[in-house]
*Asks:* 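Structure below; questions to follow.
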Amino acid sequence: MKTRLFSGWKTRLQVMCLAAVCCLALGSGFSAMAQNSAAVTAAAVTTPSKPAETVPAATDTAVAAPGEAAAVLQAPADVVAAKAAPAEEAPAPTISKADTVWVLVSAALVIFMTLPGLALFYGGLVRSKNVLSILVQNLVVFSLVAVLWALYGYSLAFTEGNAFIGGWDRLFANGLNASSIGATFTKGVYIPELAFFVFQGAFAGITCALIVGAFAERVKFAGVLLFTVLWFTFAYLPMAHMVWFFPGPDAFTDAEAATTALSKSGFLFAKGALDFAGGTVVHINAAVAGLVGAYVIGKRTGYGREAIKPHNLTLTMIGASILWFGWFGFNAGSALEAGGVAAIAFVNTFLATAAAVVAWTLAEWMTKGKPSLLGAASGAVAGLVAITPAAGFVGLNGALAIGAIAGALCLWGVTGLKKRLGADDSLDVFGVHGVGAITGALLTGVFAAPSLGGAGIWEYITETALPEYSIASQVWIQAQGVLVTIALSGTVALLAFLIVKYTVGLRVSEEAEREGLDITSHGEAAYEA
């Protein structure tokens with residue numbers, strides 16, 4: 001008998017529990033919204049040392065920086081004097097149209113990475129009876145996170161709060177309109193806040209979608225959605241704030257102002273952790289959550305006794321290619337400006353990925369006797385992941401080295417390490433995204449050194465790189481970022497999975513699993529007999 005959606009009291013209870021948790025996650029912000037109804041001029045993010053473009057300031061008017069609620073930054077004395085004289089008041093800041101176009105195009109590329117890139121990559125790796133389930137999980141998880149991003153996620157990630165989480169100034173998209181302006185990484189260069197909002201929203205969506213690959217083919221759809229709400233709220237948003245939030249370059253007018261600005265920044269940003277486009281926030285974060293899920297949910301029925309093979313590597317190859325294409329927006333778009341930093345991030349994404357494909361293929365050829373398409377495609381993703389934290393900080397040779405090292409290490413991650421961990425990580429989320437991102441995050445500290453062709457540490461007061469750079473010190477800072485991510489994501493994921501397990505339930509029945517989730521969970525089949 002065909003299962004109908006929402007049939008039976010158990011299913012209705014699951015949906016009601018899921019809706020209740022969503023309401024609880026959102027309801028806490030209503031009172032705060034009433035107190036913070038003033039529009040916020042804000043938005044921009046990434047690492048404290050991202051090299052800014054050397055562009056003359058477009059205006060002398062101080063503008064509230066990324067995520068800072070209704071605040072005016074400290075301005076030079078001559079600007080203050082100019083404001084006192086109405087006849088010579090400086091013009092309002094204007095946006096850079098070229099940079100705006102680049103960020104919007106990059107946001108579209110990141111969305112394309114998830115839909116259809118990640119969906120097809122994952123879809124080809126599962127068995128034919130589960131392909132639609134993984135596609136709908138990607139689509140609905142991405143869409144759910146987009147809604148949560150507008151309701152409260154953006155506010156908690158990119159407005160001023162404390163070192164670990166933001167505030168409620170943008171709750172329910174308060175103040176987000178066509179006239180709100182956000183900073184970039186160059187003083188006096190601005191883009192619409194909405195462009196930054198959608199770019200970072202796409203990042204949040206793909207991060208949560210990545211996780212489902214670790215426990216594919218055996219998880220309840222309601223469980224996936226409830227877990228997504230909990231993990232997004234209590235793991236992704238704090239990580240995004242800790243790594244990427246700061247009051248913008250305009251806040252760094254002198255040493256005293258810089259100290260004040262850093263006191264308002266995210267915890268890891270203030271420590272000097274380098275993460276250009278999401279090595280910690282996206283990939284390690286998602287990979288650890290997926291690994292925890294694989295442990296809590298348990299292994300697939302027949303795992304280790306029956307052959308469980310990808311059903312369509314053609315889809316996987318198409319998905320990997322789309323991911324590579326979209327990743328140019330993911331990494332180069334994180335420069336927030338269409339200039340030299342975006343260009344080097346773009347080229348590094350090109351080179352590191354190619355190096356990883358070659359390294360994985362050669363290593364697999366030597367160890368297994370034959371190079372595989374699955375290996376080459378996985379190598380591409382490994383290179384993309386590894387260069388993500390380093391993209392705008394390292395030189396071309398550094399990108400080649402990072403890609404090659406990650407390609408070889410991730411092959412070990414999906415073979416030797418996977419056996420040691422003993423978890424059924426269905427689509428090797430931790431082996432590729434976890435190992436690749438940890439490798440890239442640590443090597444960023446090495447190859448960002450100017451002596452190795454890197455950009456060094458950017459100093460926003462003078463808008464130049466600092467003359468000194470210690471590889472050992474920076475690698476230690478990078479390691480702290482990795483450890484914080486693992487601890488936070490692992491703890492939140494474990495608690496979230498346990499909540500889901502004892503409310504709506506985590507795993508489908510053995511009978512449903514053997515029949516396939518396409519029919520039992522969604523009432524459809526990808527391939528008609």
*Asks:* Can you check whether F330 reaches F112 side chain to side chain, under 4.5 Å on heavy atoms?
*Replies:*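 Side-chain contact under 4.5 Å: no.
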*Asks:* Name the one of K418, R300, R507 that satisfies salt bridge (charged side-chain N to carboxylate O under 4.0 Å, His left out) with D424?
*Replies:*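 Of all the options given, the one that passes is R300.
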*Asks:* Answer yes or no: are there more than 12 heavy-atom neighbours, outside Y295 itself, under 6.0 Å from its atom OH?
*Replies:*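 More than 12 within 6.0 Å, yes.
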*Asks:* For F199 and F203, what are the C-alpha separation, side-chain angles and deciding distance, and is it a ring pair (Phe, Tyr, Trp, His ring centres under 6.0 Å)?
*Replies:* CA-CA 7 Å; F199 180 69; F203 271 57; 4.9 Å; yes
*Asks:* Only one of R127, R514, K299, K129 forms a salt bridge (charged side-chain N to carboxylate O under 4.0 Å, His left out) with E217, so which one is it?
*Replies:*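 Of the listed options, the one satisfying the test is R127.
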*Asks:* Just by distance, do the side chain of D518 and the backbone of A525 share a donor-acceptor pair under 3.5 Å?
*Replies:*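 Absent.
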*Asks:* Would you say Y154 and L176 make side-chain contact, with heavy atoms under 4.5 Å?
*Replies:*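 Yes. Closest side-chain heavy atoms under 4.5 Å.
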*Asks:* Indicate yes or no for a side-chain donor-acceptor contact from T503 to the backbone of V500 under 3.5 Å, with no hydrogens or angles considered.
*Replies:*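 Side chain of T503 to backbone of V500, a donor-acceptor pair under 3.5 Å: yes, one is there.
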*Asks:* Is it true that the side chains of T485 and N285 contain a donor and an acceptor less than 3.5 Å apart?
*Replies:*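 No donor-acceptor contact under 3.5 Å links the two side chains.
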*Asks:* Measure the CG-CZ distance between L156 and F234 for me, rounded to the nearest 0.5 Å.
*Replies:*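 L156 CG to F234 CZ: 9.5 Å, rounded to 0.5 Å.
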*Asks:* Could you grab the distance from atom NE2 of H433 to atom CG of L427, nearest 0.5 Å is fine?
*Replies:*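 These two atoms lie 9.5 Å from each other.
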*Asks:* For the residue pair E337 / T184, report whether a side-chain donor-acceptor contact shorter than 3.5 Å exists.
*Replies:*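 Indeed, the side chains of T184 and E337 share at least one donor-acceptor pair under 3.5 Å.
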*Asks:* State, yes or no, whether a side-chain contact exists between V508 and V219 at a heavy-atom distance under 4.5 Å.
*Replies:*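 They are not in contact (no side-chain heavy atoms under 4.5 Å apart), so the answer is no.
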*Asks:* Among W244, F245, F164, which residue satisfies the ring-ring contact (aromatic ring centres under 6.0 Å, His included) criterion with F267?
*Replies:*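 Single pass found, and it is F164.
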*Asks:* Quick one: pull up OG in S133 and CD in E524 and give me the separation to the nearest 0.5 Å.
*Replies:*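 Going from the OG atom of S133 to the CD atom of E524 covers 11.0 Å.
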